[in-house]
Chemist: 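This structure is in structure tokens; I'll ask about it shortly.
Side chains are part of it too, since the values below use all heavy atoms of this structure and drop only hydrogens, waters and symmetry mates. Numbers for residues simply follow the sequence, beginning at 1. It should be emphasised that the depicted structure is a prediction, and the values quoted were computed from it without experimental measurement.
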Amino acid sequence: MDSPVRTIHRDRFYAPVKHPDDAKRDANGALENFKLKLGHSKFCRQSAFQNVATIFPILEWIMKYDLRKNLLKDFIAGLTVGTIAVPQALGYAVVAGVTPIFGLYTCFIPPLIYSLMGTSRHVSVGVFALVCLMTGEVLTDAIERQDVRMGLFNQTLLLMEPGGAGLDGLSPPPVMLSGSQIVSTLAFAIGLWQVVMGILGLGFVTVYLSDRVVQGFACGAAFHIFNTQLKWIFGLSYRKRRGLFCLPLSVYDFVVALPSTHLPTFLVSLVCLTALITARFLNGNAKVMKVIRFPIPMELLVIVFGSVASYFMNLRAVYAIDIIRSVPLGFPSPQLPAFHLLPELFHDSFIIAVIAFSVAISAGRVFAQKHHYSIDSNQELRALGVVNLVGGFFQCLPSAVALARSVVQESAGGVTQVVSIVSASLIVLVITVLGPLLEPVPKACLGCIVVIALIPMILKIMEVGNLWKVSRLEAVIFLIPCLAIILLDVEIGLALGIAFSLLIGVVWRTQERADIVQVLGRTEHSGSENDSHPIITNFPSSNVIVIRIATPLHFANAELCLNKARKLIGRSLRSNSYAPSAATRIHLPDVEGDDSKHSLIGSPLPDPVTDKNGAVKADTSSRKSDGRELIQVTQTLSSIRLVVLDLSAVSFIDMTGVQLLKKFRQDCRSIHACELVLAGCLDPVKEMLIAGGKFGDIPPNFFFDTVSNAVDALMPQKFEALSDQVGSGI
């Protein structure tokens, strides 16, 4: 038998011959793949750049920086801000309770870091009066605690047996920190709070601290700072008051010590105050500014001439005028914060962190709205946090946005944060070269500079009268923290201000507003199917009452809002004394599904409560026919048969609101013999109501898109015109 023939396929042994066009196609495909990979790598690089630019916004705007248009403006504004920052840094450091050099450090490092990470183009970061005052309070408390611990340790040593017996079990002596170490640790703690809040996206916390509250804080604190500078201006020496009523008691001490005023110091202060007030008047005069075209840097001139006069007249030795004495040269040496002190600073650092951020975001938003750009509140938190974290390693005071310098920066024509770089460069010049020239400056000059800088904040209290005429609530929000800080204490005033702000924001605004529930009357749509804003007409139908709720319905205010709605219905019932003789039929729309389960009404309306005169009596009967339900109502006194609840302004409802709304519908049906429907519900509200239906009988067809659709669907008949108009807002 012959063996089977084996077929050998050539393509198993020989590669197919390619056409030249195939090679071209392969080359083109490889090129396209390379381009695709290259484009993907570019996209990745762009995404990475955007992520980095989110942390360091300078990478975005520095690429678009217009040298010809903006550099000169930023340079002039930077010099202006720097000339103001130098004397303020020296003065506010004294307010914080440390030597002036630490104020200069705070106006050098923090502005540079903020220029890299900040989103506001016009704020100036560094020393700020309110934060320095609070820092001084924290520093005083920390030093007192240190002294108490050291006193207890020394007392324990005295009680030990002679010869040193028992010293083995004695704890080591407490670490005594300098004022600069405590202050830099406080800055680190503040930065830690701000960075954590920024990472968690808690920038919204400032919503509960209105601008009026922050202004009240600043105004009240300005009086305290003003009081601390009086002893330098008059050359007096009296004890520092602490605790309740510290400011009134300190003013009393000042008045008692006033006869012992040091005349040479007071004369120096008088000259400085005269020069500063004159310059402020000239800088604020538009006609003068048109001539000189540059604000007079009188603060810097006071420092310069004060130093020259003190040096050549030897004011300290001859007239016993107190001077700065020591301003070391060079950059601050990095040092670790006192980490063991952080638990003690936990509470105080959090309050300062929130207040500093509130001031920063308030000022930043004002400039952003004026110059048409946006700021990121969470990035501002992170930026300020890193500023204070780094400052804590370089002996800086807690940093914040300085309102006065920010206004000067914007008014001087500053466009970007290049202004902060220029001003920090001027501070570097002072720290590295000009420091010793500041040593003869009298502290009275610094006190005068601080007092004049506080005038705008102090004069805020004069605006209360006008504010009272516009909004009494806003005036009270301003006055409570301001007066509490002035009359009681800084910490108590801050606590009361924050508590009252939360009370107003969370409770009062959801409980006591008179316009959150109001009667709209009879509405008429414009004919458009998508008309979500019905036109209120002047001819109400007494058969329909439309009530609008303009606030979220939740556990805190749902009962109050619905009680107001009940009062509105009762008022409308009492006002409608005309009763038509004919019965009115309410024809309900078709309902899909099981009628008994999903009907709009659900059951016939019961008879309402009637008195012996037959007032507010309604005879009801119902019948079902072809999926429709007819309600026949015989009207005697009241003719209101339908309540339309307009929820178009309700953005949220919780389960408490759902349950109370069901109860409200039952009351409408049982007490007033009228039906309740909802109009204009937003999707989240509608979903919540439908989801809550398993706990009650709110069906899906309980809702209408607009008030007009609800009225037209349920009341197609033309009601007789009635003379009485249905209610008004309550």
Chemist: Would a 4.5 Å heavy-atom cut-off, applied to side chains only, mark N283 and M289 as touching?
Modeler: yes
Chemist: Ignoring hydrogens and geometry beyond distance, is a side-chain donor-acceptor pair present between E380 and T119 at under 3.5 Å?
Modeler: yes
Chemist: Please determine whether the number of non-hydrogen atoms from other residues, nucleotides or ligands lying under 6.0 Å from atom OH of Y238 exceeds 12.
Modeler: yes
Chemist: Look at atom CZ of F75 and say whether more than 12 heavy atoms of other residues, nucleotides or ligands are closer to it than 6.0 Å.
Modeler: no
Chemist: Within a 6.0 Å radius of atom NE2 on H347, are there more than 12 heavy atoms belonging to other residues, nucleotides or ligands?
Modeler: no
Chemist: Holding to side-chain hydrogen bond (donor to acceptor under 3.5 Å, both in side chains), I want the full list of residues that pass it with R382, two or more places apart in sequence or in another chain.
Modeler: Q379
Chemist: Any salt bridge linking D322 with R316? Criterion: basic side-chain nitrogen under 4.0 Å from a carboxylate oxygen.
Modeler: no
Chemist: Quick one: do R121 and E410 make a salt bridge, cutoff under 4.0 Å?
Modeler: no
Chemist: Is it true that the side chains of K231 and S237 contain a donor and an acceptor less than 3.5 Å apart?
Modeler: no
Chemist: Less than 4.5 Å apart, side chain to side chain, heavy atoms only: is that true for I225 and L130?
Modeler: no
Chemist: Tell me, do I352 and L186 make a side-chain contact under 4.5 Å, heavy atoms counted?
Modeler: yes
Chemist: Taking C-beta and beyond as the side chain, do S178 and Q181 meet within less than 4.5 Å on heavy atoms?
Modeler: yes
Chemist: Should K240 and S250 be marked as a side-chain hydrogen bond (donor to acceptor under 3.5 Å, both in side chains) after you check the CA-CA gap, both sets of side-chain angles, and the distance that decides it?
Modeler: CA-CA 7 Å; K240 183 178 180 180; S250 183; over 6 Å; no
Chemist: Just so I know, are the side chains of L104 and I101 near enough to count as touching, which here means a heavy-atom distance under 4.5 Å?
Modeler: yes
Chemist: Does H224 reach the side chain of C246, with side-chain heavy atoms less than 4.5 Å apart?
Modeler: yes
Chemist: Would you please indicate if the ring centroids of F393 and F188 are separated by under 6.0 Å?
Modeler: yes
Chemist: Look at the rings of H122 and F367 and say which category their plane angle falls in: under 30° parallel, 30 to 60° tilted, over 60° perpendicular.
Modeler: tilted
Chemist: Is any side-chain heavy atom of L342 less than 4.5 Å from a side-chain heavy atom of F339?
Modeler: yes
Chemist: Assess whether atom CZ of F223 is packed by more than 12 heavy atoms of other residues, nucleotides or ligands within 6.0 Å.
Modeler: yes
Chemist: Aromatic rings F108 and F331: how do their planes relate, parallel, tilted or perpendicular, breaks at 30° and 60°?
Modeler: tilted
Chemist: Between Y373 and W61, is the gap from one ring center to the other below 6.0 Å?
Modeler: no
Chemist: Among V127, L384, T106, V183, which one satisfies side chain to side chain contact (heavy atoms under 4.5 Å, CB included) with P398?
Modeler: V183
Chemist: Got V268 and C445 here, is their nearest side-chain heavy-atom distance under 4.5 Å?
Modeler: yes
